[in-house]
Each structure stands twice: as C-alpha cells, then as structure tokens.
Enquirer: 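Handing you a structure now.
So you know, we letter chains A, B, ... as the sequences are listed, proteins then strands, and number each from 1. Note: hydrogens, waters and symmetry copies are ignored here, and every other heavy atom, side chains too, is used.
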Amino acid sequence: MAASKHVLQAPKGMRDFFPEDMAIRQHLERAWRSAAVRHGFEEIGGPTFEHLDLFKIKSGEGIVSELFSFQRSGGDTDYALRPEFTPTLARMAASKGRSLPLPTKWFAIPDLFRAERPQRGRLREHRQWNVDLLGAPGPDADAEVIAVAIAALRGLGLGSSDVRVRISHRGAAAGLLSACGVVDDRMADAFSLVDRREKVPPDVFATQAAAIGLDAQGVARLDQIAACRLPATTPPATIAEQQRLPVESVSDLAALSLELDKRGLLPFCEWDLGIVRGLAYYTGTVWEIHDAEGVFRAIAGGGRYDGLVELFGGPSMPACGFGMGDVVLALLLEERGLLDPAHGVGTPRPDVFIVSSGDDKAEALFTPLATSLRDAGLHVRHTFKAGRNVGKQLKEASGHHARFAIILGEELANGIIVVKDMSSGEQAKVPHGDLAAWLQRRLAGHAAERPSCEP
RNA sequence: GCGACCGUAGCUCAGGGGUAGAGCACCUGGUUGUGGUCCAGGAUGUCGCGGGUUCAAAUCCCGUCGGUCGCCCCA
C-alpha cells in the first residue's frame with residue numbers, strides 16, 4: 001500500500017519532538033521532578049490507558065465523547081487513553097487500602113490525551129505534572145502543594161512578577177453566592193455560571209443568573225465581588241467583613257494565608273473568588289496559576305478534594321494536589337525569553353569533536369580514540385563524511401557547538417595530539433596518554449554551565 | 001459538535017487566471033592542517049490532497065486532510 005500524504009503527517013493535535021523540542025520538554029520535566037523531590041514527593045507511574053469506566057467514576061458519562069476510547073480487535077472490553085491521571089492515582093491509593101502510610105506524597109509526569117479541537121495552549125496530547133498529597137487535612141498541606149508548584153516555576157526562571165496563584169475556596173464562594181441570593185440547591189449551577197463569567201456576554205450572564213435565583217441586584221453584587229481580585233496580603237477576615245460574608249466561610253483561607261506566609265509565598269498569590277474550577281469535585285481550597293497579565297490559559301490548577309480516594313473504593317482520606325501542563329507553560333517561558341541556552345535549555349553540547357587530517361596514523365587512531373574517550377565519560381562526536389578536510393571538520397565541530405576539537409595529524413609521530421578550545425581558539429599540544437585526563441580537567445571548569453541532566 | 005483565517009523550496013514567506021519566486025539554510029569552490037565572517041557558483045518543488053470551471057488553475061468553486069485562533073468543554 002502506497003503511503004498517502006496525510007498519513008505521513010502527525011494526527012491532529014499531536015506533536016513531533018525534534019531534538020530541540022525534546023530539550024525544552026526535558027527542561028520542564030527536570031524542573032518539575034526537582035521541585036517535587038526536594039519537597040519529599042515520590043514519583044509514581046501508571047498505564048497509558050485504563051478501563052473506560054474508570055474515567056466515568058469522577059466525571060460521568062459526559063466525559064466519553066472527549067476521550068480516545070477503543071476496543072481490542074476482536075475484543076469487547078472498552079478502554080480509553082487517560083485524559084487525566086487522577087483516576088489512576090486514586091485507584092492506586094485505594095488499592096493499598098489502609099496499609100497506605102499517611103500522609104502519602106506522590107507525583108507523576110504522564111502524557112494525557114483528550115479528543116478535543118486543538119487551540120492555543122491546548123493539544124490532544126500533552127504532558128502534565130501531577131502532585132498529590134494524601135492523608136493530610138490541614139492548610140499546611142494545601143500550602144505545601146502550592147509551594148511545590150511555585151518552586152518548579154521559580155526553577156524555570158519565573159518570579160512573582162510573572163505568575164500568580166489565584167486562590168479561592170468552596171466555602172467562601174458558597175458564602176458569597178448565598179449572600180447574593182442563591183439558594184443552596186442551585187449552588188452547583190451557580191458555580192458553573194461563575195466559572196463562565198468571563199466568557200459569557202453580560203446580558204446572557206444576567207439571564208442565566210436570574211434562572212438560579214439571582215435578581216439584578218444580586219447579579220451586580222456577584223459580578224463586582226467575583227471580579228475583585230485582592231493581594232494575598234489582604235487578611236481573609238477583612239474580605240469577609242467588607243463583603244458581609246460569614247467569618248467562618250473564610251476561616252480555611254485565613255489559616256492557609258498563615259501557611260503561605262511562612263513559606264514566603266504571599267507575593268505569588270492573590271484571593272480570587274471567581275476561581276471555581278468545577279467546585280462539585282473540589283471540597284475546599286481551589287486555585288489556578290496564571291501568567292501575571294492573564295493572557296494565557298491556566299498554567300496549573302489544583303485544590304483540595306477530600307472525597308477522592310473514597311470515590312474510587314478506598315478508605316476516606318483527605319487529599320489535595322494539582323496538575324500542571326507543558327503546553328501553556330512552554331508558551332509562557334518562550335514569551336519571557338526563558339527557553340534559551342543561557343537558561344539551561346538546549347541539546348547536549350559535545351565535549352570533543354575529533355578531527356582527522358586523513359593520514360594513515362590519524363585514521364588508525366581515530367575510532368579507538370573516540371571509543372576510549374567515550375568510555376572515560378566524554379561526549380564525543382566526529383564527522384561521518386568521507387573527506388578529511390580539516391577546515392570542513394572544524395566547521396562541523398563548530399556547528400555542533402563542541403567545546404574542544406582534537407586534531408589528529410603529523411604530531412602523532414611524537415605521540416602528540418593537538419587540542420583546540422573552540423570558544424577561545426587556543427591550541428595546546430597534549431601527549432596522547434594524558435588526553436582524557438587533560439580534557440576532563442578542562443571540562444570541569446565548564447561544569448557550572450552544563451545542563452544538570454548530563455553526567 | 002460550530003465558526004473564521006491559513007497551507008507555495010528544508011525554514012520564513014511573496015505571487016490572487018497566462019513560463020515557479022525571494023531571503024535564510026544547504027552543497028561546491030576560493031582554502032587538500034584550522035571553524036563561526038566574506039566572495040563566487042550550484043541544487044531544490046505533484047504550489048497539502050481529490051474533484052470541478054476554463055483554451056489555460058498555485059490563483060476561481062466544491063470536498064477533504066492538516067495548521068492557527070475563537071466557541072462548546074476543560075475531568
């Protein structure tokens with residue numbers, strides 16, 4: 001069968017990763033993994049696809065149309081590529097039952113799939129960093145997962161002027177909606193409406209608000225309060241007082257505020273009761289991380305979901321965590337100029353590029369030398385072209401950004417190898433037997449600027 | 001699922017019924033033992049794919065596959 005052209009393109013919304021793309025992805029994953037491990041989280045993994053029904057437990061039948069689901073040829077079991085990691089995590093936690101030590105701190109970096117129309121910041125396959133803290137009910141746990149997220153972003157060069165954690169709380173939001181006139185049994189609809197507030201034209205918003213018991217005055221008040229974002233340095237009690245909300249509705253936020261302050265995170269945070277993120281699922285704190293200007297989609301989203309593990313058949317336990325995707329994050333880093341070699345992003349630079357003058361002695365030594373230097377732990381490259389023009393080989397070395405070129409030429413007769421520092425142009429004559437040690441000594445000086453993933 | 005715009009050389013794009021173009025990148029030479037700069041020369045296309053209109057289609061029309069950006073949704 002001849003290959004038709006469209007089959008030779010990546011499927012819609014899927015990405016190819018060339019070396020420079022992998023360098024970016026590894027840069028993100030390095031920062032994620034480092035932040036998680038420093039905060040005491042352990043990495044887990046799970047299957048790329050699960051039983052289709054697993055994904056219905058948390059999200060209902062409506063999720064199915066947004067999944068890539070399938071049956072094995074000839075089989076009748078429904079599977080689906082995972083659209084999120086949380087069900088797998090909850091299944092894993094539930095399967096340990098009461099033997100799971102609490103608290104348990106887990107993270108994962110899965111690729112996730114969803115059958116949606118791709119658009120800016122949303123693709124059909126992406127990597128998402130998931131961090132979950134199981135078994136800890138207090139605000140210190142909420143603060144800790146926020147701290148992990150911020151630590152990773154800081155590791156990528158983003159500061160408090162670049163990103164903002166917008167924090168809300170189910171209790172505070174419910175108090176707010178009650179004060180605006182929403183009755184308790186329409187609360188879920190009200191959350192849904194608030195979540196769409198910025199995307200719905202004002203007149204449509206007013207019409208829908210009326211349907212859940214909000215009069216014009218209530219809508220106006222809701223709109224004003226929900227649009228109001230305050231620095232996290234504002235005490236939640238003050239907000240409750242100003243907005244005439246019950247003080248107990250913000251008690252969790254007040255406790256969280258203290259924990260954030262201990263960690264120096266208040267400059268990164270703000271209170272934003274307009275964040276609801278499907279509050280039917282979250283049970284307490286809810287937050288999203290956005291770029292400070294709010295021009296991109298959310299970089300991360302998380303919160304507290306104490307009913308999760310029980311929902312998946314495990315013991316009841318408190319839980320909080322978040323997910324952070326690679327797509328929006330990379331867009332922001334690119335826009336901020338944080339994806340260049342100065343920030344540790346790039347394909348690995350060769351330590352040495354071996355250049356042969358082409359004479360017999362050089363050709364005989366060429367491959368054994370490359371092998372011994374590689375065995376010594378060096379990143380070694382050389383030309384594969386037939387021509388042994390020294391100038392062309394140096395050009396190739398330069399194109400690969402090699403740190404040193406070693407030139408095998410007539411000096412070999414005296415056991416001498418010429419080593420050229422490609423950035424300074426300086427050349428040294430090094431005895432053949434000393435070469436590996438000499439290079440390692442000189443390369444140690446470059447260690448600080450070498451990506452940390454390299455040995 | 002709905003809508004808008006886009007698809008031409010490896011890359012970024014110009015050309016909008018009449019011979020397929022530019023810049024960058026690439027290759028060769030100047031320079032068979034010294035790179036990034038420079039100079040000269042060279043190669044490169046089913047104009048995404050399929051169909052239609054026309055004497056003639058990269059160009060106009062329909063469909064399709066991709067891409068981008070909005071909606072829906074965002075677990």
Enquirer: Which nucleotide in the list B:rC73, B:rG33, B:rU68 gets nearest to the side chain of A:E411?
Expert: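 Within the option list, the nearest is B:rG33.
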
Enquirer: Output the rounded distance in Å from CG (A:D360) to C1' (B:rU32).
Expert: 15 Å

Enquirer: Return the 5'-most residue of the pair A:G391, A:G13 with respect to RNA chain B, ranking by each residue's nearest nucleotide.
Expert: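 Looking at RNA chain B, the more 5' nearest nucleotide goes with A:G391.
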
Enquirer: Write down the distance separating the P atoms in B:rC47 and B:rU19, rounded off to the nearest Å.
Expert: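 Between the two P atoms, the distance is 15 Å.
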
Enquirer: Tell me: CZ of A:F296 to C1' of B:rG70, nearest whole Å?
Expert: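 Distance, rounded to whole Å: 16 Å.
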
Enquirer: For A:A115 and for A:G425, locate the closest nucleotide of RNA chain B by heavy-atom distance; then report the residue assigned to the nucleotide nearer the 5' terminus.
Expert: A:G425

Enquirer: Dump the intermediate steps for side chain to side chain donor-acceptor pair (under 3.5 Å) on A:T88 and A:E50, then the final yes or no.
Expert: CA-CA 8 Å; A:T88 300; A:E50 295 270 9; 2.7 Å; yes

Enquirer: Rounded to the nearest Å, what distance is computed from the NZ atom of residue A:K429 to the P atom of nucleotide B:rG33?
Expert: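 Those two atoms, NZ and P, are 16 Å apart.
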
Enquirer: Would you call A:M324 and A:I299 a side-chain contact if the rule is heavy atoms closer than 4.5 Å?
Expert: yes

Enquirer: Give the nucleotide from the list B:rG66, B:rU34, B:rC73 with an atom nearest to the side chain of A:K12.
Expert: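 Nearest listed nucleotide: B:rG66.
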
Enquirer: Separation of A:L67 atom CG from B:rG1 atom P, in whole Å?
Expert: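 It works out to 15 Å between those atoms.
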
Enquirer: Taking the P atom of each, how far is B:rU46 from B:rG30, in whole Å?
Expert: 33 Å

Enquirer: Do the two ring centres, one from A:F49 and one from A:F70, sit under 6.0 Å apart?
Expert: yes

Enquirer: When the ring centroid of A:F68 is compared with that of A:F113, is the distance short of 6.0 Å?
Expert: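 Not close enough - the centres of the two rings lie 6.0 Å or further apart.
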
Enquirer: State which of B:rC73, B:rG70, B:rG29 makes the closest approach to the side chain of A:K392.
Expert: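 Per side-chain heavy atoms of A:K392, the pick is B:rG29.
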
Enquirer: Kindly say whether the aromatic ring centers of A:H51 and A:Y79 come within a distance under 6.0 Å.
Expert: yes

Enquirer: Could you work out the separation of B:rA43 and B:rG23 based on their P atoms and round it to a whole Å?
Expert: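 To the nearest whole Å, 15 Å.
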
Enquirer: How is A:Q427 classified with respect to the nucleic acid when contacts are heavy atoms under 4.0 Å: base, sugar-phosphate, or nothing?
Expert: base

Enquirer: Sticking with atom C1', work out how far B:rU12 lies from B:rG17, rounded to a whole angstrom.
Expert: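 So the two C1' atoms sit 27 Å from each other.
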
Enquirer: Expressed as a whole number of Å, how far does the C1' atom of B:rC61 sit from that of B:rC69?
Expert: 25 Å

Enquirer: If the cut-off is 4.0 Å, is A:R120 near the phosphate of B:rU68, judged by side-chain N/O to OP1 or OP2?
Expert: no

Enquirer: Can you check the distance between B:rG51 and B:rA14, where both ends of the measurement are the P atom (answer in whole Å)?
Expert: 27 Å

Enquirer: Taking B:rG41 as the reference, what is the distance to B:rA4 when you measure between their P atoms (whole Å, please)?
Expert: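 Here B:rA4 and B:rG41 have their P atoms 48 Å from each other.
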
Enquirer: B:rG36 P sits how many Å from A:F353 CZ, rounded?
Expert: 14 Å

Enquirer: What distance, rounded to whole Å, do you find between the two C1' atoms, one in B:rG10 and one in B:rU44?
Expert: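 After rounding to an integer number of Å, I get 9 Å for this pair.
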
Enquirer: What I want to check is whether an N or O donor and acceptor connect the side chain of A:R122 with the base of B:rC73 at under 3.5 Å.
Expert: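 Present.
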
Enquirer: Taking atom types as modelled, find out whether A:E396 and A:T383 have a side-chain donor-acceptor pair closer than 3.5 angstrom.
Expert: yes

Enquirer: Which stems does RNA chain B form, counting runs of 3 or more consecutive Watson-Crick or G-U wobble pairs with both distances under 3.5 Å?
Expert: B:1-7 with B:65-71, B:10-13 with B:21-24, B:26-30 with B:38-42, B:48-52 with B:60-64

Enquirer: Between A:Q119 and A:R297, do the side chains contain a donor N or O and an acceptor N or O under 3.5 Å apart?
Expert: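 Present: a donor and an acceptor within the cut-off.
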
Enquirer: Decide, for B:rG42, between syn and anti: a glycosidic angle within 90° of 0 counts as syn, anything else as anti.
Expert: anti

Enquirer: Taking NZ, NE, NH1 and NH2 as the nitrogens, is one of them in A:E288 or A:R166 under 4.0 Å from a carboxylate oxygen of the other?
Expert: no

Enquirer: I'd like a list of close polar pairs between nucleotides 24-26 of chain B and the protein, N/O only, cut-off under 3.5 Å.
Expert:
none

Enquirer: Within 45 degrees of the ring normal and closer than 6.0 Å to the centroid, is that where the cationic atom of A:R25 sits relative to A:F17?
Expert: yes

Enquirer: In whole angstrom, what separates A:Q119's CD from B:rC72's P?
Expert: 10 Å

Enquirer: Classify the side-chain pair A:H379/A:D351 by whether it contains a donor and acceptor separated by less than 3.5 Å.
Expert: no

Enquirer: Provide, to the nearest angstrom, the distance between the CZ atom belonging to A:R297 and the P atom belonging to B:rC73.
Expert: 13 Å

Enquirer: Using a distance-only criterion (donor-acceptor N/O pair, under 3.5 Å, no hydrogens), is the base of B:rU34 paired with the side chain of A:Q393?
Expert: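 Absent.
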
Enquirer: Taking only residues two or more places apart in sequence, or in another chain, which ones meet A:E29 in a side chain to side chain donor-acceptor pair (under 3.5 Å)?
Expert: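 Side chain to side chain donor-acceptor pair (under 3.5 Å) list for A:E29, sorted by chain: A:R127.
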
Enquirer: Checking contacts here: which listed nucleotide (B:rC73, B:rG35, B:rG1) is nearest the side-chain heavy atoms of A:S398?
Expert: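 Shortest atom-to-atom distance from the side chain points to B:rG35.
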
Enquirer: Rounded off to whole Å, could you give me the CZ-to-C1' distance for the A:R117 and B:rC71 pair?
Expert: 10 Å

